[in-house]
There are 2 protein chains.
Amino acid sequence: MTIQGGMSDELANQPDLLDPLLDKIYLLPALSRLALKKYIREVSYPKGYILLRADKVETDIYFIKKGIVRAYAQTPANEITFWFGQEGDIVISMKSYVENQKGYEDVELLDNCDLYQLKIHDLQQLFGQDIHLANWGRKLAEQELVKTEERLISRQFRTAGQRYNELLQKNPALIQRVQLGYIASYLGITQVSLSRIRAELK
Amino acid sequence: MTIQGGMSDELANQPDLLDPLLDKIYLLPALSRLALKKYIREVSYPKGYILLRADKVETDIYFIKKGIVRAYAQTPANEITFWFGQEGDIVISMKSYVENQKGYEDVELLDNCDLYQLKIHDLQQLFGQDIHLANWGRKLAEQELVKTEERLISRQFRTAGQRYNELLQKNPALIQRVQLGYIASYLGITQVSLSRIRAELK
DNA sequence: CTCATTTTTTATCATTTGTAAAATTTTGTC
DNA sequence: GACAAAATTTTACAAATGATAAAAAATGAG
């Protein structure tokens with residue numbers, strides 16, 4: 001079986017991790033899914049690569065096939081990490097995607113990463129043409145919205161110590177994969193404070 | 001001129017504040033907008049009324065025509081206000097809307113309020129039928145997402161004092177309309193701390 | 001394996017923020 | 001306008017967090 005269209009051989013030939021990723025958002029009819037996949041290509045970048053830049057209107061969004069990334073913002077005083085992305089997560093500059101404006105964040109690869117790349121422009125064209133893809137895009141935004149709301153609530157309702165424990169429970173792998181300085185920043189405390197919290201747990 | 005369909009006379013007869021509210025999200029073709037408005041009705045509730053409840057899967061969403069509301073969550077220790085809504089804002093339990101699950105929040109009316117009410121079920125039906133409404137729903141989620149992200153960033157990047165000043169500048173009316181205890185909670189500090197911040201500004 | 005570099009922890013002190021209680025101001029009702 | 005209730009500010013003290021520096025541990029290159 002061959003798949004027609006602009007899809008790369010690379011993408012067509014390997015066991016497909018993309019389909020479940022797309023369907024997790026919203027179950028698409030086969031034709032709509034194919035139409036979308038025509039515009040998706042796979043890319044790899046090395047550890048340390050800056051995938052998105054705060055001073056730029058980004059033109060692409062990414063799905064993480066393999067690897068881990070962090071989003072951070074530069075402030076006059078220091079640098080604040082406010083998001084980690086792992087396998088299955090979506091990397092978007094929301095400001096670019098929604099408002100065509102510069103975002104807040106740089107996104108840095110903390111590992112060598114394999115990514116699925118998709119042009120925002122192509123996606124928006126599809127939204128106007130295919131009701132299933134329009135609803136897929138709706139669910140994409142809605143699911144990110146719930147996740148973002150959960151992060152906001154966690155931050156507003158829980159102390160840094162509680163949030164660290166929450167992270168330990170829900171995502172123990174993250175703490176193995178990411179250095180504690182970034183995690184402290186993510187929790188909104190200094191690395192010294194995080195050390196104190198960790199010391200209390202022993 | 002008469003408008004056919006299920007729209008109430010009340011809604012049809014008054015100067016329409018609803019159209020601009022709907023179009024601000026995403027400019028709809030006339031037919032799609034009419035299809036949507038058929039399911040929207042206007043309701044009023046008094047100050048103190050609890051519009052959404054944390055322990056309930058909510059079935060409706062609301063647009064605020066007139067008035068001001070707050071969302072808060074009950075914690076074992078106390079009550080945390082984490083959102084204010086005013087004219088033009090949308091009141092949704094995102095967990096109910098997106099995942100059909102209980103949310104975190106009660107929403108209390110801080111004034112007598114006029115609201116536009118819309119059943120989530122009806123809206124979701126429309127999303128499957130009309131690509132323009134599907135894209136309207138997409139933009140609704142996307143715009144709320146950017147707003148939520150901005151609240152998260154504000155909270156993570158700025159001190160309570162900075163955030164109070166930001167609020168003073170961007171939304172001075174809010175501070176007039178809402179008691180400071182709620183605003184302190186919203187800023188993530190005690191009322192005593194907020195008093196200290198306000199005292200320093202004089 | 002060893003050394004240099006980076007990351008994490010520990011210790012000390014200064015600052016900020018919270019808690020509790022009292023004093024003051026504002027609001028709403030009769 | 002006077003009173004009661006609610007909201008806000010002030011004060012004093014306690015607890016938590018940050019800044020800085022130094023020690024310890026972990027990581028990585030040769």
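Residue numbering restarts at 1 for every chain, and letters A, B, ... go by the order of the sequence lines.
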**Student:** Under 3.5 Å, is there a donor on one side chain and an acceptor on the other for A:Tyr104 and B:Glu150?
**Tutor:** yes

**Student:** Stepwise, does the salt bridge (charged side-chain N to carboxylate O under 4.0 Å, His left out) test hold for B:Glu166 with B:Arg163?
**Tutor:** CA-CA 5 Å; B:Glu166 192 178 63; B:Arg163 296 180 63 228; 5.3 Å; no

**Student:** Of the listed nucleotides (D:dT10, C:dT8, D:dA19), which one gets closest to any side-chain atom of B:Ala199?
**Tutor:** D:dT10

**Student:** Tell me what A:Leu194 touches on the nucleic acid: a base, only sugar-phosphate, or nothing, going by heavy atoms under 4.0 Å.
**Tutor:** nothing

**Student:** Using five base pairs at each end, measure the axis-to-axis angle across the helix from C:dC1-D:dG30 to C:dC30-D:dG1 and round it to 10 degrees.
**Tutor:** 60°

**Student:** Are any of A:Ser193's side-chain N or O atoms less than 4.0 Å away from OP1 or OP2 of D:dG18?
**Tutor:** yes

**Student:** Please tell me which of B:Gln191 and A:Ile189 maps to the more 5' nucleotide of DNA chain D, matching each residue to the nucleotide holding its nearest heavy atom.
**Tutor:** B:Gln191

**Student:** How close or far is atom P of C:dT10 from atom CD of A:Glu200, stated in whole angstroms?
**Tutor:** 11 Å

**Student:** Just the rounded figure in Å: distance from C1' of D:dT9 to CD1 of B:Ile183.
**Tutor:** 15 Å

**Student:** Which whole-number value in Å describes the distance from B:Arg198 CZ to D:dT8 C1'?
**Tutor:** 8 Å

**Student:** Go nucleotide by nucleotide along DNA chain D from the 5' end; which of A:Lys47 and B:Gly181 gets its closest nucleotide reached first?
**Tutor:** B:Gly181

**Student:** Whole angstroms only, please: what is the CG-C1' distance between B:Leu110 and D:dA7?
**Tutor:** 15 Å

**Student:** Rounded to the nearest 0.5 Å, how far does CD of B:Glu105 lie from CD of B:Glu58?
**Tutor:** 8.5 Å

**Student:** Step through it carefully: locate the ring centre of A:Tyr72, locate the ring centre of A:Tyr182, and say whether they are under 6.0 Å apart.
**Tutor:** no

**Student:** Any donor-acceptor pair under 3.5 Å linking the side-chain atoms of A:Glu42 with those of A:Tyr116?
**Tutor:** no

**Student:** Could you tell me the separation between the CZ atom of B:Arg196 and the P atom of D:dT9, rounded to a whole number of Å?
**Tutor:** 12 Å

**Student:** Going by number, which of residues 157-180 of chain A have a non-hydrogen atom under 4.0 Å from DNA chain C?
**Tutor:** A:Gln179, A:Leu180

**Student:** What nucleic acid atoms does A:Ser195 come within less than 4.0 Å of, heavy atoms only: base, sugar-phosphate, or nothing?
**Tutor:** base

**Student:** More than 12 heavy atoms of other residues, nucleotides or ligands under 6.0 Å from NZ of B:Lys66: yes or no?
**Tutor:** yes

**Student:** Under 3.5 Å, is there a donor on one side chain and an acceptor on the other for B:Arg198 and B:Tyr164?
**Tutor:** yes

**Student:** Testing the basics here: between B:Ser32 and B:Leu133, what is the closest heavy-atom pair and its distance to 0.1 Å?
**Tutor:** O-CD2, 3.8 Å

**Student:** Indicate every side-chain donor-acceptor pair of residues 23-30 of chain A with a distance under 3.5 Å to a residue at least two apart or in another chain.
**Tutor:**
from    : atom 1 : to      : atom 2 : distance (Å)
A:Asp23 : OD1    : A:Arg33 : NE     : 3.2
A:Asp23 : OD2    : A:Arg33 : NE     : 3.4
A:Asp23 : OD2    : A:Arg33 : NH2    : 3.0

**Student:** Check the distance between D:dT17's C1' and A:Leu187's CG and give it to me in whole angstrom.
**Tutor:** 14 Å

